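None of these values were measured; they are calculated from a predicted model. One-based numbering along the sequence shown.
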Amino acid sequence: MRGYGERDRREPVTVNRANRHRGEVEAVIDGERRILCLTLGALAELETAFGAESLGDLAARFSTGRLKSADLIRILACGLRGGGNRVSDADVAEMAVEGGVAGAAGVVGELLTVTFQTGGAAGGATAGAGAETTASP
């Protein structure tokens with residue numbers, strides 16, 4: 001029988017499952033590691049939600065870095081659904097993101113960056129990685 005020395009009690013190695021070349025990011029949300037991805041369907045949903053006429057308009061809106069908490073919820077929800085998670089915007093509003101609001105803003109910033117980076121869907125637009133949050137009305 002194998003002993004349980006100090007070496008055997010180390011934390012398991014966590015492997016990042018996200019593929020940034022596909023526009024995926026990984027985040028701990030509600031205590032689970034989840035994949036987020038802004039698929040074309042998720043981007044179409046965001047265009048409608050934000051009244052954007054095109055992907056370029058959507059990228060320009062996000063590049064300001066000024067997002068309300070309701071915006072963070074919508075983007076996280078779309079990203080989670082694009083990553084294969086079956087959640088509603090209301091579900092996401094109740095979830096805890098590792099790192100709190102700053103962590104949520106960081107995940108959204110990273111998701112927007114990998115989605116709209118040079119050569120990405122918006123034809124070279126780059127979203128700011130540091131989303132500034134304001135309280136939603």
Dump the intermediate steps for side chain to side chain contact (heavy atoms under 4.5 Å, CB included) on R34 and V28, then the final yes or no. CA-CA 6 Å; R34 299 174 189 253; V28 176; over 6 Å; no
Which residues satisfy the side chain to side chain donor-acceptor pair (under 3.5 Å) test with S88, sequence neighbours excluded? D91
Go through it in stages, so that I can follow the logic: the residues are D89 and R74, the test is side chain to side chain contact (heavy atoms under 4.5 Å, CB included), and I'd like the CA-CA distance, side-chain angles, deciding distance and then a yes or no. CA-CA 6 Å; D89 288 7; R74 175 62 57 96; 2.5 Å; yes
Test side chain to side chain contact (heavy atoms under 4.5 Å, CB included) applied to T39 and R22, step by step: CA-CA 9 Å; T39 61; R22 289 191 308 222; over 6 Å; no
Intermediate values then yes/no, side chain to side chain contact (heavy atoms under 4.5 Å, CB included), S69 and V101: CA-CA 8 Å; S69 56; V101 174; over 6 Å; no
Check: T64 side chain, A60 main-chain N or O, donor-acceptor pair, under 3.5 Å: no
Any chance you could measure E98, atom CD, to E32, atom CD, to the nearest 0.5 Å? 13.0 Å
How far apart are the closest heavy atoms of A93 and I73, and which atoms are they? CB-CD1, 3.8 Å
Measure the OG-CG distance between S54 and L43 for me, rounded to the nearest 0.5 Å. 11.5 Å
Over all atoms of both residues, closest heavy-atom pair of R17 and I35: C-CD1, 3.8 Å
Kindly state each residue pair satisfying ring-ring contact (aromatic ring centres under 6.0 Å, His included) with at least one member in residues 28-56, sequence neighbours excluded. F50-F62
Determine yes or no for a side-chain-to-main-chain donor-acceptor pair under 3.5 angstrom, with D30 supplying the side chain and V97 the backbone. no
If you measure from CD on E45 to CG on L38, what distance do you get to the nearest 0.5 Å? 10.0 Å
Here the gap from E47 atom CD to D57 atom CG, rounded to the nearest 0.5 Å, amounts to 8.5 Å
Taking the side chain as C-beta and beyond, is there a heavy-atom pair between V87 and M95 under 4.5 Å? yes
How long is the span from the CD atom in E24 to the CG atom in L111, to the nearest 0.5 Å? 10.0 Å
Among L76, L112, I75, which residue satisfies the side chain to side chain contact (heavy atoms under 4.5 Å, CB included) criterion with V107? L76
Measure the CD-OG1 distance between E110 and T115 for me, rounded to the nearest 0.5 Å. 10.0 Å
